[in-house]
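Below is one structure, written out as C-alpha cells; comments come after it.
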Number of protein chains: 8
Amino acid sequence: MKSGEIDEHTAVAQLEHLPVENLGFARLDHHRALRCGHPEVVYGAGKTPDQLAVIVPRLAALSPTVLVTRAEPAAFEAVAAAVPDAVYYPTARAIVVDRRQDRAGEGLVAVVAAGTADLPVAEEAMLTASLMGARVEQITDVGVAGIHRLFAVLPTIRAARAVVVVAGMEGALPSVVAGLVSCPVIAVPTSVGYGASFGGLAALLTMLNSCANGIGVVNIDNGFGGGYLAALINARPEDDHA
Amino acid sequence: MKSGEIDEHTAVAQLEHLPVENLGFARLDHHRALRCGHPEVVYGAGKTPDQLAVIVPRLAALSPTVLVTRAEPAAFEAVAAAVPDAVYYPTARAIVVDRRQDRAGEGLVAVVAAGTADLPVAEEAMLTASLMGARVEQITDVGVAGIHRLFAVLPTIRAARAVVVVAGMEGALPSVVAGLVSCPVIAVPTSVGYGASFGGLAALLTMLNSCANGIGVVNIDNGFGGGYLAALINARPEDDHA
Amino acid sequence: MKSGEIDEHTAVAQLEHLPVENLGFARLDHHRALRCGHPEVVYGAGKTPDQLAVIVPRLAALSPTVLVTRAEPAAFEAVAAAVPDAVYYPTARAIVVDRRQDRAGEGLVAVVAAGTADLPVAEEAMLTASLMGARVEQITDVGVAGIHRLFAVLPTIRAARAVVVVAGMEGALPSVVAGLVSCPVIAVPTSVGYGASFGGLAALLTMLNSCANGIGVVNIDNGFGGGYLAALINARPEDDHA
Amino acid sequence: MKSGEIDEHTAVAQLEHLPVENLGFARLDHHRALRCGHPEVVYGAGKTPDQLAVIVPRLAALSPTVLVTRAEPAAFEAVAAAVPDAVYYPTARAIVVDRRQDRAGEGLVAVVAAGTADLPVAEEAMLTASLMGARVEQITDVGVAGIHRLFAVLPTIRAARAVVVVAGMEGALPSVVAGLVSCPVIAVPTSVGYGASFGGLAALLTMLNSCANGIGVVNIDNGFGGGYLAALINARPEDDHA
Amino acid sequence: MKSGEIDEHTAVAQLEHLPVENLGFARLDHHRALRCGHPEVVYGAGKTPDQLAVIVPRLAALSPTVLVTRAEPAAFEAVAAAVPDAVYYPTARAIVVDRRQDRAGEGLVAVVAAGTADLPVAEEAMLTASLMGARVEQITDVGVAGIHRLFAVLPTIRAARAVVVVAGMEGALPSVVAGLVSCPVIAVPTSVGYGASFGGLAALLTMLNSCANGIGVVNIDNGFGGGYLAALINARPEDDHA
Amino acid sequence: MKSGEIDEHTAVAQLEHLPVENLGFARLDHHRALRCGHPEVVYGAGKTPDQLAVIVPRLAALSPTVLVTRAEPAAFEAVAAAVPDAVYYPTARAIVVDRRQDRAGEGLVAVVAAGTADLPVAEEAMLTASLMGARVEQITDVGVAGIHRLFAVLPTIRAARAVVVVAGMEGALPSVVAGLVSCPVIAVPTSVGYGASFGGLAALLTMLNSCANGIGVVNIDNGFGGGYLAALINARPEDDHA
Amino acid sequence: MKSGEIDEHTAVAQLEHLPVENLGFARLDHHRALRCGHPEVVYGAGKTPDQLAVIVPRLAALSPTVLVTRAEPAAFEAVAAAVPDAVYYPTARAIVVDRRQDRAGEGLVAVVAAGTADLPVAEEAMLTASLMGARVEQITDVGVAGIHRLFAVLPTIRAARAVVVVAGMEGALPSVVAGLVSCPVIAVPTSVGYGASFGGLAALLTMLNSCANGIGVVNIDNGFGGGYLAALINARPEDDHA
Amino acid sequence: MKSGEIDEHTAVAQLEHLPVENLGFARLDHHRALRCGHPEVVYGAGKTPDQLAVIVPRLAALSPTVLVTRAEPAAFEAVAAAVPDAVYYPTARAIVVDRRQDRAGEGLVAVVAAGTADLPVAEEAMLTASLMGARVEQITDVGVAGIHRLFAVLPTIRAARAVVVVAGMEGALPSVVAGLVSCPVIAVPTSVGYGASFGGLAALLTMLNSCANGIGVVNIDNGFGGGYLAALINARPEDDHA
C-alpha cells in the first residue's frame with residue numbers, strides 16, 4: 001500500500017462515532033460546529049416555517065453562529081419566536097444568529113458586485129464570510145463597461161486574501177479582476193439579466209470559460225457558497241501533519 | 001395611407017426587372033454588384049470545387065471583387081485554373097479576386113482579436129472589410145485577463161469608425177472595448193475554447209448580454225459578417241432623400 | 001512598437017481623472033454625458049423605486065436627457081416626485097427626461113416591428129434612438145408571411161441610415177429586410193411566441209444565422225440596445241485623426 | 001359506445017394476419033406494398049452492406065419500387081451485386097430500384113431548396129416523391145435574402161398540390177413561401193450552416209415558429225420524410241366511407 | 001430561363017395591388033379571405049382587448065368566419081360588445097365568428113388527443129378545421145400505454161383524409177397512428193407533462209424523430225396550426241394548371 | 001417463425017375483448033385492476049375537479065385502491081363529496097382510496113430522501129409502493145455531503161428488495177447508495193435546487209451518468225413512477241411459463 | 001434512534017476491512033465478486049490496451065466472469081495475450097471471460113431492440129444479463145411504426161421477469177411494451193438517429209416522460225446498465241432479514 | 001469617497017509601465033513572472049508549432065518555469081529544437097520547462113481522480129500545482145460507487161491545504177470529499193463519459209449544484225485551472241496591508 005493509505009481504520013472510526021439527531025424530516029449533526037468552528041447553515045428554501053422553528057433553536061444551542069439562507073419573512077417570524085436574538089437581512093433573505101463575543105474578523109475578503117441588482121447575492125456572501133470569521137469589504141457597481149470605476153477600488157481588492165466577484169448579465173467582471181490581483185477569485189454568477197442570459201446561464205458560462213487564472217466558480221445566485229469558499233481560503237488553518 | 005408607403009409600385013418594379021442567371025445548382029444575381037459596389041461573396045462550404053469553378057469566373061466578369069469564404073485548398077485549385085489572378089489566404093480559408101485599381105480604402109475599421117487562436121476569424125473580417133473599401137488595422141492578443149495590453153492600443157481603436165472585436169472562450173473583450181470607444185462595436189464570437197464553451201456558445205451569450213452599449217453581434221466564427229457590417233457602417237453613403 | 005500603440009500613457013491618463021460618485025448601491029459617472037452627448041441610461045430592473053428616486057435627479061442635473069428602461073409604474077411615481085418633468089411611456093415601460101431644445105433629430109432610423117405584440121420592444125428602440133438625436137420612423141405589422149405588406153413601406157425603410165427590425169416567433173424579418181436595403185440592419189429578437197420559441201431563442205438563432213449580409217444582433221427584447229446601436233451608426237461623427 | 005368504435009374486432013383482425021418475415025436482425029413486412037402502393041423504404045444508416053444485400057432483393061421481389069436512404073457507396077456495391085438494376089444517386093446517397101412501367105407521375109410536388117448546399121436533402125425528397133407517384137419540379141437557390149429570385153419561380157410553385165421547402169441556416173424560406181401559396185408546405189430544415197445553427201436546430205426552430213399558416217415540419221435533413229408527406233398529400237386517394 | 005419562371009411579372013403584379021389597411025398597431029389584408037375562402041385568423045396573445053375590439057369587427061365585415069386564438073375572457077367581452085354574434089370557447093380560449101350558411105363540412109379530419117389534459121389544444125384544432133370547411137371527429141384519451149383503446153377507434157381514424165394527433169408527455173401517439181393509417185398525420189406536441197418534458201420539448205422531439213412515415217409536426221400547443229394544415233390537406237382544391 | 005412468436009392470435013385476442021368506458025374526456029379501462037391487482041392511478045394535473053369527481057368513484061367501484069397524483073385541495077374536495085372515504089395527503093398532493101382489508105405489505109421497499117425539501121416526492125413514492133402491496137420504510141436527510149448519516153441507516157436500506165432514492169440539487173445519493181447495496185436502486189431526481197440545477201436537470205443527468213451499477217432512473221419529481229417500479233420489483237410474481 | 005439505525009458500527013466495519021489493490025492508475029476491489037456473485041466489469045473506454053492487459057488477468061483470477069465494455073479490437077488483442085480464453089464480441093465491442101460451469105441461466109430477461117441499428121447496444125445488454133446468471137431472449141426490429149410486429153412476439157416478452165427495451169430515434173417502444181406487460185421494463189435509449197435526435201437525447205426524454213408505468217431508464221447507449229439492472233431484478237435473492 | 005479608493009492613480013500607474021512585446025500573432029507580458037513568481041503559461045491549442053517555437057524560448061528567458069498546455073507531440077518537437085531542456089508529458093499533453101533549483105514544494109495539494117480515464121486532466125493539474133511551488137500528492141480511482149476506497153486515502157487528503165478533485169461521468173466525488181475535509185475543494189469536471197454526459201456537462205452541473213460547502217468549480221477538462229487555483233490557495237502569501 002502507498003503512503004497515506006494506512007489509516008483507513010482511523011478515518012472510518014471518526015465517522016462512526018459522530019452524533020446525529022433524527023427529527024424525521026431532518027437530521028442534525030451535533031458534531032459539526034465543534035469540529036470546524038464554522039456556523040451552522042440551513043438551506044431555507046423548501047423548509048416550512050414550522051420546520052425552521054424546530055431546527056434553528058437546536059442548532060443555536062450547539063453553535064454560537066447560525067445562518068439560514070433563502071428565508072422568507074414568514075420563516076423569520078417563526079424562528080424569531082423561538083430565538084429572540086435572531087436577525088433578518090431582507091436584501092439577502094437571511095436569518096442570522098450571531099453570539100460571538102468578537103466579530104472583528106481576521107484577514108480580508110473583498111466582495112465585489114458588478115451592479116446594483118447583484119446586491120442580494122453579494123450581501124449573502126458578505127454575511128457568510130463574516131460569520132466564518134473574515135473581515136469583509138464590499139464594493140458595488142464596478143461593471144466592465146466602465147472599467148475606470150474598477151481601477152478606483154483596486155487597492156482595496158488587492159489587499160484581500162480572497163475576492164468574491166458577483167456578476168449577472170455577461171458576467172465578465174471576474175476575468176478582469178483576476179487579471180489584476182494575485183489572490184484567488186471566487187466567481188458568483190447571478191440571474192440578473194433577461195433574454196439570452198437564460199437565468200444566469202450566460203454569466204455562468206462566461207466565468208467557467210475565463211481566460212484569466214485563479215478563478216473558482218459556484219452556482220448561479222449562490223452568494224453563500226462564494227462567501228463560504230472565500231472565508232475558507234482566508235482562514236489559513238495550521239497544516240495537519242498527518 | 002401613411003407617408004412613405006405610396007411608392008409600393010416603384011419598389012416592386014425594381015424587383016421584377018432584376019436579372020438572375022439560373023445555373024441549376026445556384027442562381028447568380030447579375031445586378032447586385034452594380035447596385036452596391038460591394039464584392040460578390042460566395043459561401044464556399046457545401047459547394048464542390050467544380051461548382052465554385054463555374055461560379056467564380058462568372059462573378060469575376062461582373063464585379064471587380066469576389067470573395068469566397070470557407071474554401072478549402074482543393075477549391076482554390078479548381079478556381080485558380082479558371083481565374084488565374086485569384087489569391088488564397090490559408091489562415092482565413094478565403095479565395096479573393098481583387099481587380100480594383102485603388103485599394104487604399106477610406107475611413108478606418110479596427111479588427112481586434114482577443115487571442116492568437118482567433119486569428120482565422122479576424123483575418124476573414126479584415127479581408128471582407130478591405131474588399132468593401134475600408135482601411136483596416138488589426139490588433140491581436142489583447143484579452144481581458146491582461147487589461148493593460150488593451151490600453152496600449154486604445155488610440156488606434158478609438159480612431160476607427162467601427163470596431164470588430166473577435167473573441168472566443170469567455171468572449172468578454174467586446175464589453176470592455178465598447179466601454180472605451182464611442183463608435184459601434186461588432187462582436188464576433190469564435191469557437192475557440194473547450195468544455196463549457198460549447199463551440200462558441202459561451203462567447204456568443206456573453207456578447208449578447210453585454211452591459212455595454214453600442215454592440216451588435218454576429219454568428220459564431222462569422223468573421224465575414226463582422227467585417228461586412230463594420231464596412232457598411234464605415235462607408236457612410238449619401239442619404240437617400242426618398 | 002507598432003503604430004498606434006504609442007499613446008498608452010494618454011489613454012490611461014484619460015481614465016484616471018474620470019469623476020465617479022459612489023452612492024453605495026451604485027456609482028455614477030459624472031463625465032459620461034460630457035464626453036458623448038448621449039443620454040444617461042439606467043437599467044431599471046433590479047433597482048428599487050427608492051434607488052431610482054436618488055439616481056435619476058442626479059443624472060438629470062448632469063445631462064439634458066435621461067432614460068430609465070424596464071421601469072414599473074411605481075418606479076415612475078417615485079421618480080416623478082423628484083423630477084416633475086419626467087414622462088412615462090407605459091408600452092415601453094420607460095421613464096424619459098428630455099430637456100433638449102431641439103428634438104427634431106438628424107439622419108433617419110427606421111424601426112420596423114413584425115407584429116403588434118412586438119410594439120413594446122419597438123417603442124423602447126424608438127425612444128432610445130430619438131433621445132440620441134436621430135429622426136425616427138416606425139413601421140408595424142409587416143411580418144414575412146404577408147410579404148406584400150413589406151413592399152408597401154420599402155421606400156421609407158430605404159431612406160434610413162440604419163434600420164432596427166424587431167421580430168418574435170420565427171424572427172425571419174431581418175433577413176428579408178437586409179436583402180432589400182443597403183444600410184446596416186440591427187435585428188432585435190423578442191420573446192413574443194410560445195412553445196418552441198423558447199422565450200425568444202428561436203428568433204435569436206434565426207437572426208444570428210441569417211444568410212443576408214449587414215445584420216448585427218442584440219439580446220432578446222433589447223429594444224434599447226437596438227435603438228442605441230442604430231443611433232450610433234446614424235450619428236456619423238467626425239473622424240478622430242489620432 | 002360512440003360511432004366509429006364498433007369495428008374494433010375488424011381492426012385487430014387486420015393486424016393479426018399480416019405476414020412478417022424475421023431475418024434475425026430485421027423483420028420484413030410482406031404486406032406493406034400490397035396495402036399502400038408505396039415503395040419499400042430502408043433506412044440505410046446503421047445497417048451493414050451485408051445486411052442491405054439481404055434485405056433489398058427480398059423487398060424488390062415484393063414491390064416494384066425500393067428506396068434505401070443514407071446509403072454509402074460500399075452499401076450500393078453490395079446491393080448492386082444482388083439487384084443489378086439498382087441505381088445509386090450519390091448526392092442524395094440513395095439506392096433506388098424502380099421497376100414501374102409508368103413513371104410519369106400525377107399531380108405536382110414542388111421541391112424548393114434555399115441554397116446549393118441544401119441539394120442533397122432536396123434530392124432525397126425529390127426521389128421519394130417521384131417513387132411515390134408524384135410529378136416533381138425542383139427549384140434551387142431562392143433564399144430569402146434575395147427575395148426577387150423567389151418571385152421568378154412563383155408560378156411553378158403555385159401549381160403544386162404540396163410544396164417541400166428545404167432550407168438550412170436561418171430556415172426562413174418556408175414562412176415566405178407559405179405566405180405566397182395556398183397549398184400545404186412541408187418544411188425540411190437542414191444542417192447546413194455553422195456556429196449558432198447548432199446542426200440545424202436554428203432552422204428547425206424557425207420553421208416550427210413560423211407565423212405563416214399551413215406548414216408541417218419534419219426532422220433536420222429528413223428529405224425522405226418531406227418528400228413522403230408531400231407525395232401523400234398529392235395522392236388524394238378515394239375517401240374510405242367507413 | 002427554365003419553364004415556369006416566365007411569369008415573374010404576373011406574380012409580382014398580383015402582390016402590388018393587394019389592399020392593406022394600416023391601423024398603426026396592425027395591418028389588415030383586405031384581400032386574403034377573398035382569395036382563399038379561409039377564415040380570418042388573429043393571434044390573440046400580445047394584443048390588448050381594445051386592439052381586438054377594433055380588429056375583429058373589421059375582419060368580420062370582410063369574411064364570414066373569424067377566429068381569434070389564445071384570447072382571454074376579457075378579450076372576448078371587448079369583442080362581443082362590437083360583434084354580438086361572436087362565441088367564446090373557454091377550453092380552447094378561442095373567439096369565433098361563424099356566419100356561414102352551411103357548416104356541415106366536407107371530407108373528414110380526425111382530431112385524436114392522447115389524454116384529457118390535451119383537450120384545450122385538440123379543441124383549438126377542431127374549431128380551426130371546422131371553420132375551414134372540414135367535417136371533424138374528435139377522439140380522446142387513447143395514449144400509447146393502453147394501445148387497445150386506440151384499436152377501438154381505428155375505423156373512424158382511417159376514414160379521415162388527414163389526422164391531427166395531439167399529445168404531451170412522451171408524445172409517442174403520432175408514431176403509432178401513422179403506422180396504422182395511410183393518410184397524412186399532423187402531430188401537435190403539447191406542453192402537458194412535467195420535469196424532463198421541458199414544456200413540451202420531449203413530445204416535440206419524439207414527433208420529429210418518428211420512424212413512421214407521413215408525419216408533419218407543428219409547434220408545441222399549436223392546435224390552430226395542426227387544424228389548419230389538416231384542413232388544407234382535406235380541402236383538395238382543383239389543380240392550378242399554370 | 002422463431003419460438004415464442006406463434007401465439008400472436010392469442011395476444012391480439014386478449015386485446016380486443018378489453019372493456020373500455022368512454023366518458024368523452026377520458027376512457028376508463030375496466031379490466032386493468034382485475035388483471036394486475038394494482039391500484040387505479042389517475043394523473044391529476046390537467047384534469048378539473050369536476051372531471052375527477054366523475055372518474056374516481058367509477059374507478060373505486062372497480063378496484064379496492066385508487067390513487068390520484070398531483071391533486072390540489074380543491075380537487076380533493078370535489079372527490080370527497082363523491083367518495084367519502086377518500087383521504088388527502090397534502091405533502092404528496094395525493095388523493096387515496098384504500099379499501100384493502102390487509103395493508104401490512106410484503107417484502108420491503110426503502111424510500112430514501114436526500115433532504116427535507118425532497119419529502120413531497122418521497123411521500124408520493126411511499127404511498128404508491130404501499131398501495132401496490134409493499135412494506136415501506138422511509139429515511140430522510142442523508143445527503144452525500146454528510147456521508148456518515150447514510151452509514152447509520154445502511155442496515156435498513158440493505159434489507160429492502162428495492163430502494164427508491166430521491167434527491168435534488170446534485171443528485172449524487174443514488175450512486176453512493178447503489179455502491180453499498182446489492183438490490184436495484186430506483187433514482188428519482190427532484191426539482192429541488194436553484195440556478196444551474198435547471199429545474200432538476202442536473203440531478204437527472206447525474207443519475208443517468210452514475211458509475212454505480214443497478215440504477216434505473218425516472219422523470220424529475222416522479223415519485224409515483226419510482227414507487228411503482230420499486231413495488232413491481234418487490235412483488236416477484238410467479239413466472240409465466242408461456 | 002429509529003429502528004434500523006443501530007447497526008452503524010457493523011456497516012462501517014464491513015467497509016473498513018475490504019481489500020483493495022492499488023495499481024496506481026486503478027484500484028481493484030478484491031472482495032466484490034465474493035460478495036455478489038456478479039461478474040467483474042471494466043469500463044474499457046479511456047483505458048489503454050496496456051492498462052487492460054494488467055487489469056483483466058487479475059480480475060479473472062478472482063472471479064469466474066469478467067466483462068470489459070467498449071473495448072476496441074486492439075484492446076482485445078492485448079487482453080487475449082494475457083487471458084487466452086477471453087472472447088471478443090465485435091458488435092457489442094465487449095471482451096468476455098466466462099469460466100462458469102453452468103451457463104444455462106435462471107429466470108428470463110427479454111431484450112427487445114426497436115431496429116437493426118440498435119443491435120450493438122442490445123447485444124451488450126444480453127451479454128451482461130447472461131453473465132449475471134439470467135436466461136436471455138432477444139427480439140429485434142419491432143418498432144412502434146409497425147405495431148403488429150410487436151404483437152407477434154408478445155408471449156415471449158410476457159414470460160420474462162424483466163424486459164430490456166432498446167430504442168433510438170423517437171424511443172417510443174418502451175411505453176408501448178410497458179402497457180402490454182406486467183413486469184418491470186428497463187428502457188435503454190440509443191444514439192441511433194440524426195438531426196433532432198441530438199445523439200439520443202430525444203429517445204431519452206421520450207422514455208423519461210413515458211405515460212406508462214413500471215419503466216426505469218438508463219443512460220444513452222448503456223446496454224450494460226440495462227442488462228445489469230434487468231438481471232438484478234431477475235435474480236430475486238433471498239430477503240435479508242436485518 | 002470611501003476608504004481604499006484613493007489610490008486610483010497608483011493603480012493605473014502600475015498598469016501603464018508594464019512592458020509588453022508584440023509578436024504580431026501574440027503579445028508577451030515581460031513583467032508577469034517578475035510580479036508573481038508563477039510560471040509562464042501558454043494555451044497550446046490553436047497555436048501552430050512554429051508560433052510556439054517562437055513564444056516558448058522568449059518566455060523561458062524571462063521565467064525559470066514555462067508550461068504549455070494542450071500541446072501535441074509535433075508542437076513539442078518544434079519547441080524542443082529551440083529549448084533543449086523542455087520536457088513532454090504525453091498523458092497531460094504538456095510541455096514543461098523547469099529550471100528551478102528547488103522543486104520540493106511547500107504546503108500540500110492533493111489531486112484526486114475518480115477514475116483511470118480522468119488521469120490526463122489530473123496530471124495537468126499536478127504539473128501546474130507543482131510548477132507553482134506546491135508539494136503534490138495524487139490519488140486515483142476512488143469513485144463514489146465504491147466509497148470504501150475513498151476512506152482508505154482520507155488521511156492523505158485531509159493533510160492538504162487544497163484538494164483538486166477530478167471526475168467525469170456523474171461527477172459526484174467532490175461533494176463527498178468536501179463533506180470529509182475542512183479545506184477548499186477545487187472541482188474539475190471531465191469529459192469522460194458518454195450519452196447523457198454531454199461532453200462533461202453532467203459532471204459540471206453536479207459540481208455546481210453540490211450541497212457540500214467549500215467547492216469552487218472550473219471548466220470541463222481544465223486540469224490547469226484546477227491546479228492553478230489550488231496552488232494559489234496553498235501559497236498563502238503575506239497579507240498586503242494596503
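Owing to the predicted nature of the structure, the values given are computational and were not obtained by experimental measurement. Computed from heavy atoms alone, side chains included, the values below leave out hydrogens, waters and symmetry copies. Letters go in sequence order (proteins before strands), and every chain restarts at 1.
Scanning all heavy atoms of the two residues, the minimum distance from G:A45 to H:A117 falls at O-CB, 4.3 Å. Between G:G24 and H:T140, the closest heavy-atom pair is O-CB, 3.4 Å. Contact detail for H:R149 and G:R27: the closest heavy-atom pair is NH1-O, 3.4 Å.
With G:D221 contributing its side chain and H:Y194 its backbone, the two residues share no donor-acceptor pair below 3.5 Å.
Of the listed residues (G:T48, G:T190, G:I220), the one with the most heavy-atom contacts under 4.5 Å to chain H is G:I220.
Between G:F25 and the choices H:T91, H:T116, H:D141, the side chain to side chain contact (heavy atoms under 4.5 Å, CB included) rule is met once, by H:T116.
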